[in-house]
Number of protein chains: 2
Amino acid sequence: MGNRPTIADIAKRVGVSPGAVSFALNGRPGVSEQTRARIIEVAREMNWRPHRAARALGGAQAGVVGLVLARDPRTLGSEQFYTQILYGMQEVISAGGSAVQMQLVRDTAAEIDLYRHWAAEHRVDGLVLVDLQLDDPRIAVVRELGLPAVTLGLPGEPGRLPSVWADDAEAMTTIVDYLAALDHQRIAHVAGPPVYQHTARRTSALREQATARGLAAESVPTDFSDAQGAAATRTLLSRAERPTAIIYDSDLMAAAGLGVALEMGIEVPRQLSIVSFDDSVLTRIVHPALTCLSRDTYALGAQVATSLLAAIADPGSRESVRTETPRLVVRGSTTRPG
Amino acid sequence: MGNRPTIADIAKRVGVSPGAVSFALNGRPGVSEQTRARIIEVAREMNWRPHRAARALGGAQAGVVGLVLARDPRTLGSEQFYTQILYGMQEVISAGGSAVQMQLVRDTAAEIDLYRHWAAEHRVDGLVLVDLQLDDPRIAVVRELGLPAVTLGLPGEPGRLPSVWADDAEAMTTIVDYLAALDHQRIAHVAGPPVYQHTARRTSALREQATARGLAAESVPTDFSDAQGAAATRTLLSRAERPTAIIYDSDLMAAAGLGVALEMGIEVPRQLSIVSFDDSVLTRIVHPALTCLSRDTYALGAQVATSLLAAIADPGSRESVRTETPRLVVRGSTTRPG
DNA sequence: GTGGAGAACTAAAGCGCTATAGTCAACGGC
DNA sequence: GCCGTTGACTATAGCGCTTTAGTTCTCCAC
């Protein structure tokens with residue numbers, strides 16, 4: 001049953017010392033090719049696997065990388081995006097024999113706490129930081145703990161952590177370009193919490209674009225919950241001069257917004273165009289399907305994992321990887337106003 | 001920096017042996033209360049944490065429990081439910097200083113593979129098995145590996161693993177009761193893959209209920225994807241004698257079904273009532289909001305975690321916990337037909 | 001006053017693996 | 001023919017913790 005073979009068992013069977021077996025199995029010099037082959041064969045035969053804990057104890061790696069999502073339980077449901085990221089990461093990380101540990105916590109304070117615990121217990125080899133904030137407190141903590149980390153979302157300026165990012169400003173411009181071409185004059189933006197860097201970037205990009213083109217534009221902050229997304233939509237649509245197009249920072253809020261429009265008897269897209277900043281199954285199942293920015297989230301997760309592995313291998317690295325700007329996928333929720 | 005204090009450091013500082021420190025910190029007898037207090041204080045002062053790997057190596061636990069989701073990448077998006085479960089589990093598991101390791105894999109074969117890896121590497125102390133199948137191959141594997149496990153969803157018959165479950169048949173009856181009271185005569189059921197035990201149970205419960213009441217009822221199997229949910233809905237609604245109510249086995253498919261109805265110009269709920277077997281943010285944001293079976297998924301996750309911890313503590317235990325049958329939450333998607 | 005029980009410790013081994021220092025034989029060059 | 005190398009190993013220590021088997025010391029009973 002649970003009697004896994006150890007390196008010593010293999011050594012005995014092959015007739016060499018445990019050290020030799022370790023060399024052989026780790027591709028280190030110190031054994032002849034012949035012996036190495038024999039050892040590897042026996043190891044396979046005996047169905048040997050390294051004991052993670054034993055390796056980790058020897059000062060080596062824990063074989064786990066962490067991804068923490070700080071979410072108010074009330075805003076649960078917005079993790080579609082991260083489920084995909086997780087999947088993409090896992091593909092890369094498991095190939096290296098490690099695992100991704102995802103954990104949901106209540107807020108950033110709890111997240112930082114968790115990092116300290118993990119670091120103290122040697123539980124993880126590296127971290128992915130998501131939902132970057134302005135002046136993000138996590139950066140200093142991660143540095144202090146000496147944990148390799150990669151940020152997802154913003155160019156690596158903050159504390160010079162390596163990062164994987166896409167250009168949010170450019171993405172917003174793509175949307176505004178399109179809406180302006182359709183002749184929308186009043187555009188609203190149901191944004192996330194202003195403390196998030198990506199929200200800030202999108203908001204300022206929208207403002208710039210609107211000014212440049214002489215459009216009326218407005219960003220409404222929310223906490224990313226469906227409730228606040230719906231509430232913001234209701235407010236916007238209750239105005240005398242209501243917007244003809246609304247851009248939502250998440251697919252969940254976009255879907256909620258669509259629900260509100262239906263509820264208020266406002267036709268989508270005839271009277272209101274809707275664009276979501278995220279793509280997911282959600283944007284496809286509602287009717288009309290939502291026009292949105294889409295990208296290969298799975299690949300993004302894989303890229304993050306790759307960058308993280310690089311950061312773990314070389315803790316000095318600060319390389320920042322820019323990924324493709326999400327492209328606009330036009331579906332049934334947008335048209336000319338009128 | 002990464003120079004965590006060890007038990008030996010504490011021992012030196014207090015002036016006792018490492019063994020004594022271990023006793024003290026683990027609440028084991030062998031030290032005086034006075035010394036124990038002193039040791040605990042110093043440990044806190046030095047910010048000591050147990051080194052997980054070292055503990056695990058000593059034959060103790062890995063401090064991780066696993067939850068694997070087998071999902072065809074195409075059907076990704078249906079994990080809302082499990083995100084909640086995960087959250088609930090984490091609350092309980094982290095309280096005990098452990099962590100939940102969730103992993104997404106392609107199919108059951110990959111899942112079994114993963115279990116073997118995890119067992120061989122001593123990575124997890126226990127498992128939660130979800131999406132139970134008829135004659136589930138995982139049960140034998142888990143038993144063979146000697147890994148404590150709890151199943152979620154079905155009474156623990158299969159191989160007598162402890163389980164946490166709710167009565168699916170009763171739940172289905174609740175729905176049919178309600179629809180029958182509204183005077184629906186033709187009810188359809190967009191189900192999951194028949195290989196799943198819960199699908200099988202719901203399907204047969206529907207058949208029984210329909211027979212007993214003289215209703216026309218039909219279950220259509222799908223793979224749980226939004227695409228097949230939509231396709232099944234299209235087929236059902238294209239019939240001459242179309243159903244006046246459809247029950248969906250997941251919130252995702254229900255939302256997709258609603259989208260199809262809108263697309264076909266069929267009014268919900270006037271011409272079609274929709275009931276979802278799962279609740280989530282999704283059922284609330286669409287319009288009309290969906291009538292559904294609802295339960296406290298978070299609490300369910302917590303219960304699963306509790307049962308799993310019990311199973312780990314006492315591997316012989318087979319206790320099965322029955323949870324409340326989900327209750328019907330009526331929203332805007334159901335009414336009398338006509 | 002002595003034997004023994006119990007409390008409060010210490011000493012040391014061991015978990016499975018890695019890493020470093022050493023051993024030993026074969027080989028080659030001058 | 002001897003020294004120095006090199007290759008192929010072995011021996012051993014050590015990672016941080018738990019645990020078992022001692023070792024003291026005190027206290028009490030007879």
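These numbers were taken from a predicted model, which means no experiment stands behind them. Chain naming here is simple, since letters A, B, ... match the order of the sequence lines and numbering starts at 1 in each.
- Classification of B/Glu33 and B/Arg36 as a salt-bridged pair holds, one side-chain N sitting under 4.0 Å from a carboxylate O.
- Between C/dC9 and B/Thr35, a contact under 4.0 Å exists linking OP1 or OP2 to a side-chain N or O.
- In this entry the distance linking CD of A/Glu33 with P of D/dG7 reads 13 Å, nearest Å.
- Applying the side chain to side chain contact (heavy atoms under 4.5 Å, CB included) test between B/Trp118 and each of B/Val68, B/Leu145, B/Val64 identifies B/Val68 as the sole match.
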Where do A/Glu91 and A/Tyr87 land on the side-chain hydrogen bond (donor to acceptor under 3.5 Å, both in side chains) test, with the steps shown first? CA-CA 6 Å; A/Glu91 206 75 6; A/Tyr87 207 161; 5.5 Å; no

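- Nearest-nucleotide positions on DNA chain D place B/Ala53 closer to the 5' end than the other of B/Ala20 and B/Ala53.
- In this structure, A/Phe23 places its CZ atom 7 Å from C1' of C/dA19, rounding to the nearest Å.
- The one candidate from B/Arg49, B/Arg55, B/Arg52 that meets the salt bridge (Lys or Arg N to Asp or Glu O under 4.0 Å) condition with A/Glu121 is B/Arg52.
- Look at B/Ser17 and you'll find a side-chain N or O under 4.0 angstrom from OP1 or OP2 of C/dT10.
- Within 4.0 Å of B/Val16, counting heavy atoms only, lie sugar-phosphate atoms of the nucleic acid but no base atom.
- Along DNA chain C, the nucleotide nearest to B/Gly30 and the one nearest to A/His51 differ in position, and the one closer to the 5' end is contacted by B/Gly30.
- Among the protein residues, A/Ser32 comes within range of the sugar-phosphate backbone only, with heavy atoms under 4.0 Å from sugar or phosphate atoms but none that close to a base.
- Here C/dA8 presents its C1' atom at 12 Å from CD of B/Gln34, a figure rounded to the nearest Å.
- A close approach under 4.0 Å does occur between a side-chain nitrogen or oxygen of B/Arg28 and OP1 or OP2 of D/dT19.
- What you find for A/Met89 and A/Gly301 is that their closest heavy atoms are CG-O, 3.2 Å.
- Between the CD1 atom of B/Ile7 and the P atom of D/dT19 there is a distance of 11 Å, given to the nearest Å.
- For the pairing with A/Gln197, the side chain to side chain contact (heavy atoms under 4.5 Å, CB included) check across A/Leu134, A/Thr151, A/Asp135 returns one residue only, A/Leu134.
- The two residues A/Tyr82 and A/Leu69 have their closest heavy-atom pair at CB-CD2, 3.7 Å.
- Across residues 36-45 of chain A, not one residue has a non-hydrogen atom less than 4.0 Å from an atom of DNA chain C.
- Between the P atom of C/dC15 and the CZ atom of A/Arg49 lies a distance of 22 Å, rounded to the nearest Å.
- By the 6.0 Å contact criterion, CD on A/Glu45 is enclosed, its count of non-hydrogen atoms from other residues, nucleotides or ligands being greater than 12.
- Across the helix from C/dG1-D/dC30 to C/dC30-D/dG1, the helix axis at one end is tilted relative to the axis at the other end by 60° (nearest 10 degrees, each axis from five pairs).
- Using a 4.0 Å heavy-atom cutoff across all strands shown, B/Pro50 reaches sugar-phosphate atoms only and no base atom.
- Taking atom NE2 of residue B/His122 and atom P of nucleotide C/dC15, one finds them 12 Å apart after rounding to whole Å.
- Residue A/Asn26 contributes atom CG, which lies 9 Å from atom C1' of C/dC17 at whole-angstrom precision.
- When the options A/Asp131, A/Val130, A/Thr323, A/Leu132 are evaluated for a side chain to side chain contact (heavy atoms under 4.5 Å, CB included) with A/Leu152, the one that passes is A/Val130.
- An OP1 or OP2 oxygen of D/dT18 is reached within less than 4.0 angstrom by a side-chain nitrogen or oxygen of B/Arg55.
- With B/Glu111 as the partner, the salt bridge (Lys or Arg N to Asp or Glu O under 4.0 Å) test is satisfied by one option alone out of B/Arg106, B/Arg116, B/Arg138: B/Arg138.
- Across the protein-nucleic acid pair, A/Gln61 atom CD and D/dC15 atom C1' stand 15 Å apart, rounded to whole Å.
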